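Below is one structure; the comments refer to it alone.
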2 protein chains.
Amino acid sequence: MIRVLLADDENLIRSALAALLALEEDLEVVAQAASGAEALAMARAHTPDVAVLDLQMPDRDGISVAGELATVLPGCAVVIVTGHGRAGHLKRALEAGVRGFLPKTVSAPVLTDVVRTVHRGGRYVDPELAAEAISAGDSPLTPREADVLELAAGGAPVEEIAARAHLSPGTVRNHLSSAAGKLGAANRHVAVEVARRHGWI
Amino acid sequence: MIRVLLADDENLIRSALAALLALEEDLEVVAQAASGAEALAMARAHTPDVAVLDLQMPDRDGISVAGELATVLPGCAVVIVTGHGRAGHLKRALEAGVRGFLPKTVSAPVLTDVVRTVHRGGRYVDPELAAEAISAGDSPLTPREADVLELAAGGAPVEEIAARAHLSPGTVRNHLSSAAGKLGAANRHVAVEVARRHGWI
DNA sequence: GGCCCTCCATGACAACCGTCATGGAGGGCC
DNA sequence: GGCCCTCCATGACGGTTGTCATGGAGGGCC
């Protein structure tokens, strides 16, 4: 019997996934959590074999939870499930020791199979996402460019970004321009979109 | 026995919800669909009693599907389920004849109860969302302002928006400025964010 | 009809943003 | 040390954007 921890902030989805996993005879959902912090607490309390984490949770993302889980409970394999599959997230997840990475578009049997696979010590990442991650490669943005672009994500004017980053407005414009050029974007706003789509910010 | 149609583009979530509903003795999932068009086709073929539709689907949103369903299959009650609950969407959904409206954060028993409620002819909207919709009120944007703001959503330059809307660039700027003013936004990009958050575009 | 209101459309002006050229700071390599 | 490279920072220039004042079109109301 594989003991599973399930974490997702959307109660309906979490309950539904629990119902789905419970249909399998060799799987048992021993704990559920609605946030990253709760997931860690539940993991300590119930020592599950496999943790299935949603990527997006209100307090912290599933990847940082996975990273902490790797030190707290090394024997527990982690599977990340996400609505929007971004190549950058996959890369960060694998660096954090995640053993399975799936978009929510996969069919139900895939999830149960992946839970079994990672429990046996195997790995699984969605083939389409893997291809995208390989072709996309690393982020072309320098650290400052990524910082500034992130601050620009809310649509803030340049001067406000400059104040927050402790930079001259001219420097901010330059970083934004450089980032937009690297991302093939006509202006910083579409640059933000592109970077988000790739998981680079 | 209540015959249910389930539509959601994320296969995993759809399967999980199906498993959840199948646990209830008085509910039966008679058809599933991964897109709006498929949902309509399935509805014609299987004449379900209740349709549970995701708000966001690749081809068309759940509300437009609900509107068409109301004419094609008047006896079928519609429940909309959504990840991000926006007040504007709720309003549009009710105008389209939707009888139930839920965010995915609700607990599992709520969904099954709502399916039963709408099947009996009742209605249900999430209380928190209802309160937000009432306090938020109608969109303050004029039709043209909403059109132009929607075209600006991708970060396109003004001239491109003007070409698509068959307007002068000056007029486009004016509409954007007016919309931003009404929304309390410093520029059109945050205006887009605000309008999206309220479901006005 | 006459009046008022909102919405739509346009152009002028100032402020903002993207691009360029330039130079300093730090790390890898011979 | 000397060289080269990338990253970071700054200011000047031209195009784009946001704001304002203005006027026409259409609908509701007396």
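Chain A is the first sequence line, chain B the second, and so forth, proteins listed ahead of strands; every chain is numbered from 1. The shown structure was predicted, so the numbers you read here are calculated from the model rather than taken from an experiment. Worth knowing before you read on, the calculation uses all heavy atoms, side chains too, and leaves out hydrogens, waters and symmetry mates.
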Among all residues two or more places apart in sequence or in another chain, which pass the ring-ring contact (aromatic ring centres under 6.0 Å, His included) test with B:His189?
->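 Listed in chain order: A:His189.
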
Which whole-number value in Å describes the distance from [X] [atom1] to [N] [atom2]?
X	N	atom1	atom2	value
A:Glu160	C:dC16	CD	P	13 Å
B:Leu149	D:dG18	CG	P	11 Å
B:Glu145	C:dC8	CD	P	7 Å
A:Leu167	D:dT10	CG	C1'	11 Å

Decide, yes or no, whether a salt bridge links [X] with [Y] under the criterion of side-chain N to carboxylate O below 4.0 Å.
X	Y	answer
B:Glu95	B:Lys91	no
B:Arg14	B:Glu10	no
B:Asp54	B:Lys104	yes

End axis versus end axis in the helix from C:dG1-D:dC30 to C:dC30-D:dG1, the angle rounded to 10°, five pairs used at each terminus =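 One end axis against the other gives 30°.
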
Separation of A:Glu24 CD from A:Asp113 CG (nearest 0.5 Å) =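 Answer for the CG-CD pair, A:Asp113 versus A:Glu24, is 8.0 Å.
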
Verify, without hydrogens or angle tests, whether B:Arg123 (side chain) and B:Leu94 (backbone) share a donor-acceptor contact under 3.5 angstrom.
->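 Such a contact is absent between B:Arg123 side chain and B:Leu94 backbone.
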
Give the C-alpha distance, both sets of side-chain angles, the deciding distance and a yes or no for side-chain contact (heavy atoms from CB on, under 4.5 Å) between B:Leu176 and B:Val148.
-> CA-CA 7 Å; B:Leu176 289 174; B:Val148 172; 3.5 Å; yes

With a 4.5 Å heavy-atom cut-off, do B:Leu149 and B:Leu183 have their side chains touching?
->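 Yes - at least one pair of side-chain heavy atoms lies under 4.5 Å apart.
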
Interface residues of residues 169-193 of chain B with DNA chain D (non-hydrogen, below 4.0 angstrom) =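 Contacts with DNA chain D under 4.0 Å: B:Arg173, B:Asn174, B:Ser177, B:Arg188.
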
A:Thr142 side chain near D:dT6 phosphate (N/O to OP1/OP2, under 4.0 Å) =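 No, no such contact exists.
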
